[in-house]
Amino acid sequence: MMEGRGVSKVETGEAIKVLASFAPNKIRIHFFGWRGRVYRVESFNLFHISADETEKLYHFAVSSTGNSYQLAFSPRTLHWRLISVNQVW
């Protein structure tokens with residue numbers, strides 16, 4: 001990290017809108033909307049799946065505008081959530 005810069009993590013859990021494409025065994029996120037802004041996904045960083053007795057969630061870590069975002073998708077409800085934001089300042 002560069003001197004004079006820091007990172008703050010914001011937990012949100014807010015519902016978001018996502019433009020994604022789906023192919024067999026692949027989900028690609030192109031854009032997401034949060035709090036009235038649209039973010040273009042510049043890089044895809046991580047992916048994992050979590051599951052409990054009732055639901056499976058697909059987790060994505062993506063980057064846009066120098067910040068990183070953790071998104072989650074529920075295939076049961078077809079809803080997306082922004083789990084957290086790591087903001088660089």
Side-chain angles (χ1 to χ4, degrees):
M1 184 169 8
M2 296 174 55
E3 187 174 325
R5 296 186 71 173
V7 177
S8 62
K9 184 173 185 174
V10 178
E11 304 279 341
T12 70
E14 295 175 38
I16 58 172
K17 295 186 185 280
V18 174
L19 176 62
S21 55
F22 294 79
N25 299 316
K26 187 173 184 177
I27 301 173
R28 182 169 176 220
I29 302 168
H30 303 280
F31 298 91
F32 65 94
W34 175 53
R35 295 186 178 174
R37 287 191 57 199
V38 175
Y39 298 84
R40 183 177 65 83
V41 173
E42 298 163 353
S43 65
F44 178 84
N45 305 322
L46 293 170
F47 168 77
H48 76 275
I49 299 171
S50 67
D52 62 22
E53 298 83 30
T54 61
E55 186 166 35
K56 179 188 281 189
L57 291 175
Y58 294 83
H59 299 267
F60 303 86
V62 299
S63 295
S64 178
T65 63
N67 298 318
S68 63
Y69 302 85
Q70 184 185 11
L71 312 171
F73 173 68
S74 167
R76 183 177 59 81
T77 64
L78 302 179
H79 291 154
W80 289 87
R81 294 213 169 266
L82 176 63
I83 304 303
S84 65
V85 179
N86 288 314
Q87 298 176 313
V88 177
W89 45 270

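Nothing here was measured: the structure is a model prediction, and the numbers come from that model. All values below were derived from every heavy atom in this structure, side-chain atoms included, with hydrogens, water molecules and symmetry-related copies excluded.
- Ile49 and Phe44 fall within the same hydrophobic cluster, where Ile, Leu, Val, Met, Phe, Trp and Tyr residues are linked whenever their side-chain heavy atoms come under 4.5 Å apart, directly or through other members.
- With values rounded to the nearest 0.5 angstrom, Thr65 atom OG1 is found 6.0 Å from Arg37 atom CZ.
- Under a hydrophobic clustering in which Ile, Leu, Val, Met, Phe, Trp and Tyr are joined whenever their side-chain heavy atoms come within less than 4.5 Å, directly or via other members, Ile27 and Val18 fall into the same cluster.
- Residues Asn45 and Ser63 come closest through the heavy atom pair ND2-OG, 2.7 Å.
- Ring centroids of Phe22 and Phe73 are separated by less than 6.0 Å, placing the two rings close together.
- The shortest distance between side-chain heavy atoms of Val38 and Arg40 does not fall below 4.5 Å.
- For the pair Phe32/Val62, a side-chain contact is recorded, criterion being any heavy-atom separation below 4.5 Å from C-beta on.
- With a 4.5 Å cut-off on side-chain heavy atoms, Arg76 and Lys56 do not count as touching.
- Put simply, the side chain of Thr12 gets close to the backbone of Leu82: a donor and an acceptor are under 3.5 Å apart.
- Hydrophobic clustering (ILVMFWY, side-chain heavy atoms < 4.5 Å, transitive): Tyr58 and Leu46 are in distinct clusters.
- Contact check for Trp80 versus Ile29: side-chain heavy atoms found under the 4.5 Å cut-off.
- In this structure, Asn67 CG and Lys9 NZ are separated by 13.5 Å, a value rounded to the nearest 0.5 Å.
- Annotation: salt bridge (Lys or Arg N to Asp or Glu O under 4.0 Å) contacts of Lys26 (sequence neighbours excluded): none.
- In this structure, Ser64 contributes its side chain and Val41 its backbone to no donor-acceptor pair below 3.5 Å.
- Under a 3.5 Å cut-off, the side chain of Arg28 and the backbone N or O of Ser21 do not form any donor-acceptor pair.
- Here Ser84 contributes atom OG and Gln70 contributes atom CD; the two are 4.5 Å apart, rounded to the nearest 0.5 Å.
- When the side chains of ILVMFWY residues are joined at heavy-atom separations under 4.5 Å, either directly or via intervening members, Ile16 and Phe47 end up in a single hydrophobic cluster.
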